[in-house]
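Below you'll find the structure, written out as C-alpha cells, and then a few comments.
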Number of protein chains: 2
Amino acid sequence: MALSTPVHLTPRKKPRQTRATATLDAIFEATIQVLVVDGPRRLTTTRVAERAGVSVGTMYQYFPHKQALFYALNARYLDTLAEKIESACRAQRGAPINQMIEALVTTYWNAKTERVEVTRALYRSVVEIDNEPLIEAFSGRVDAATAAMFASASDAAFADLPAVNLTLLTTIFGTVRSVFERNLPISEGQAVHRQLVLMCIAYLEAVKIPSPRHKDGSATGEL
Amino acid sequence: MALSTPVHLTPRKKPRQTRATATLDAIFEATIQVLVVDGPRRLTTTRVAERAGVSVGTMYQYFPHKQALFYALNARYLDTLAEKIESACRAQRGAPINQMIEALVTTYWNAKTERVEVTRALYRSVVEIDNEPLIEAFSGRVDAATAAMFASASDAAFADLPAVNLTLLTTIFGTVRSVFERNLPISEGQAVHRQLVLMCIAYLEAVKIPSPRHKDGSATGEL
DNA sequence: ACCTGAACACCGTTCAAGT
DNA sequence: ACCTGAACACCGTTCAAGT
C-alpha cells in the first residue's frame, strides 16, 4: 500500500532503536514548522536540524539530501490522504451517485482544510522535488478507489467511466488547489466547495446512462 | 493594464539604450531556457548570465535578486495571458452562454498548451517567489472580464453571478493545472478538456435563470 | 548504532574598476 | 549608461572522531 519511491530518494536507513525513531519524528515535525514559519526558500538544513535538536550530520544519516526530506514528507502526507479517500470510497459502495460525489468532494476538502498552513506549505514544498512518482502513485490509488465506487452506483452507469472518473478527479483536486493558490477567504472557499458539488452532480447527470430503477430519464451520455 | 508589483520585487532600472533592452531580452530568454533544460533547482544566476552572454553583475543591475527574475518572468507571462482572456471575453459579448464557456475554456487551454515545457517550467518556478500579488492582480483582471461577459449572455442570467464566476474560473484554472501536474498524455488531456466544457455547461444549465427568448425552461438557479 | 560539527565546494550577491 | 568578475557570506553536504 505504501507509495513506491525511486532509489535515490529513499531514506538511507530505517530506525532500529527508539532513539532513532524519535529523531526521525523530530526531523519531520521540525521541517513542517520551519516550512510554515519561514517558507520553503528560507528552510536550511541547519535550521531544521537546530529546531529538531540534532546536528546536521544526523539529518544526513536519514536523508541523502534536502530533496529527500521534502520527498519523504510528501510521501507520508499523500499516503494518509490516499487512505482517507479509499476508506470514504469503500463506505459509499452501492450508494446513489450524488451522495458519492458529495462524500468524495467533502472528504478531500476537509483533509486539505484541516490544517491550512500545513497544506499550503506542502503545496509549496512540492516544487523543490521531482514529485512525479509521488503524484503517479497517489493518482493510481485514488483513481482505482473512485472508479470502483462509481461503478457500483445504485442509480447510474457510464459509457466511458475512465474518462468521467479522470475528469472528476482532475477537476476536484485542481479546484481545491486553485482555492489555496488564490488565497480565498474561508467563506468564499466554502461557496466554491458547495458549487463544486453542484457542478459535479450536474456533469454526471448529463453524461450518465440512467439505470432502470431511477425515475429521471432526461439526458443520455454523450462522450 | 500592467500588473502591480511590490517595491522590493521591482526591476532596478528600465532600459534606456537599445543595448540594455537587448540585454534584458537575452536574460529572460536565457532564464526560460535554463528553467526548461535544467529545472528550477539547478538554475543558478551564473548559469543564466552565461547563457545570456552577460556577467552576473549585469543581471543584478536589472534584478535585485533571483526571486525578482522569476517574478518578472511570471508577471510578463500572466500579463499576456490576461490579455488573451480579456480579448476572448470581449469577442463573446452577447453570445449564448454555452459558446462563451467553450471559448473561455479553449482560450485558456490553448494558451497553456501552446508551449508545454514553458508552462510547466513557469508553474514550477512560481514556488520560488512570493507570487500572491501576481495571482491577485491576474485574478482580478480575469474575474472582471469573465463576469462582464457572462452578464451579457443572450440566453441566461444568474442569481449569484460572482459565485458562479468564481467557481468557473477556479475550476477551469485548477483543472488545467492538475492535468499538467499529473503529466497526462495529450490524448487524455484533450479528453479532459472536452469533458470540462461539458461539465461547465451542465453546471450553468443547473444554476441559470433562463431568459425569456430561450425555449428550455428546465432548471431554476439554486444558490 | 547513532550522533557531532568543523571543513569544503558552490551559489547568491556586492562593488570597485572598466568602457 | 552600462558592463565586468574577483571577493565575501552563507548553505548543502561530507567525514573523521566521538558515545
Side-chain angles (χ1 to χ4, degrees), chain A residues 7-31 33-35 37-73 125 127-130, chain B residues 7-31 33-35 37-73 125 127-130:
Chain A
V7 183
H8 68 289
L9 289 170
T10 312
R12 280 186 166 154
K13 48 156 69 175
K14 287 246 150 67
R16 308 193 168 227
Q17 295 184 1
T18 41
R19 177 173 53 151
T21 311
T23 302
L24 245 188
D25 285 340
I27 292 174
F28 279 127
E29 188 50 38
T31 306
Q33 281 184 31
V34 175
L35 221 38
V37 176
D38 301 323
R41 231 180 45 256
R42 272 170 299 186
L43 181 147
T44 65
T45 49
T46 327
R47 204 173 293 200
V48 171
E50 202 175 345
R51 186 133 204 162
V54 298
S55 91
V56 234
T58 301
M59 273 191 47
Y60 278 84
Q61 267 191 173
Y62 295 97
F63 306 100
H65 41 251
K66 207 176 139 181
Q67 244 196 106
L69 181 60
F70 287 124
Y71 194 92
L73 200 63
S125 82
V127 187
E128 305 264 345
I129 59 177
D130 186 17
Chain B
V7 183
H8 68 289
L9 288 170
T10 312
R12 280 187 166 153
K13 50 156 69 177
K14 289 244 146 73
R16 306 191 170 228
Q17 295 183 2
T18 39
R19 177 171 53 149
T21 312
T23 303
L24 244 188
D25 284 341
I27 292 175
F28 278 129
E29 189 48 39
T31 307
Q33 281 185 31
V34 175
L35 220 38
V37 176
D38 302 323
R41 231 180 46 257
R42 271 171 298 185
L43 180 148
T44 65
T45 49
T46 326
R47 203 172 296 200
V48 171
E50 202 176 344
R51 187 134 204 162
V54 297
S55 90
V56 233
T58 301
M59 273 191 47
Y60 277 85
Q61 268 190 174
Y62 296 97
F63 306 100
H65 42 251
K66 208 176 138 182
Q67 244 196 106
L69 181 60
F70 287 125
Y71 194 93
L73 200 64
S125 81
V127 187
E128 306 262 346
I129 60 177
D130 186 16

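Worth knowing before you read on, the calculation uses all heavy atoms, side chains too, and leaves out hydrogens, waters and symmetry mates. Only a predicted model underlies this, so the values are computations on that prediction, with no experimental measurement involved. In what follows, chains carry the letters A, B, and so on, assigned in the order in which the sequence lines appear, proteins first and then strands, with residues in each chain numbered from 1.
Taking the ring centroids of F70(A) and F63(A), they lie at or beyond the 6.0 Å cut-off.
Remark: DNA chain C forms stems of 3 or more consecutive Watson-Crick or G-U wobble pairs, all pair distances under 3.5 Å, at C:4-8 with D:12-16, C:12-16 with D:4-8.
Across the protein-nucleic acid pair, L24(B) atom CG and dA1(D) atom C1' stand 14 Å apart, rounded to whole Å. Atom CD1 of I27(B) and atom P of dC2(D) are 12 Å apart (whole Å). Across the protein-nucleic acid pair, Y62(A) atom OH and dC3(C) atom C1' stand 9 Å apart, rounded to whole Å. Taking atom CE on M59(A) and atom P on dT13(D), their separation rounds to 9 Å, with Å as the unit. The distance from atom NZ of K66(B) to atom P of dC11(D) is 14 Å, rounded to the nearest whole Å. Remark: C1' of dG5(D) and CD of Q61(B) are 13 Å apart, rounded to the nearest angstrom. Note: NE2 (H65(A)) to P (dC15(D)) measures 16 Å, nearest angstrom. Taking atom CG of residue D38(B) and atom C1' of nucleotide dC11(C), one finds them 14 Å apart after rounding to whole Å.
For the contact set between residues 40-49 of chain A and DNA chain C, defined by any heavy atom under 4.0 Å, there are no members.
Expressed to the nearest 0.5 Å, how far OG1 of T45(A) lies from CG of L69(A) amounts to 9.5 Å. L73(B) contributes atom CG, which lies 6.0 Å from atom OG1 of T31(B) (distance to the nearest 0.5 angstrom). One finds the CG atom of D38(A) at 8.5 Å from the OG1 atom of T44(A) (value rounded to the nearest 0.5 Å). Atom OH of Y62(A) is separated from atom CD1 of I27(A) by 7.0 Å, given to the nearest 0.5 angstrom. The CG atom of L24(A) sits 10.5 Å away from atom CE of M59(A), with the distance rounded to the nearest 0.5 Å. Note: R41(A) CZ to L43(A) CG = 11.5 Å, rounded to the nearest 0.5 Å.
Note on T58(A): every side-chain N or O is 4.0 Å or more away from OP1 and OP2 of dC2(C). Considering only side-chain N and O atoms, Y60(A) lies nowhere under 4.0 angstrom from the phosphate OP1 or OP2 of dT14(D).
In this structure, V56(A) reaches the bases: a heavy-atom distance under 4.0 Å links it to at least one base atom across the strands shown.
Of all heavy-atom pairs spanning S55(B) and A49(B), the tightest one is C-CB, 3.9 Å.
Contact check for V48(B) versus K66(B): no side-chain heavy atoms found under the 4.5 Å cut-off.
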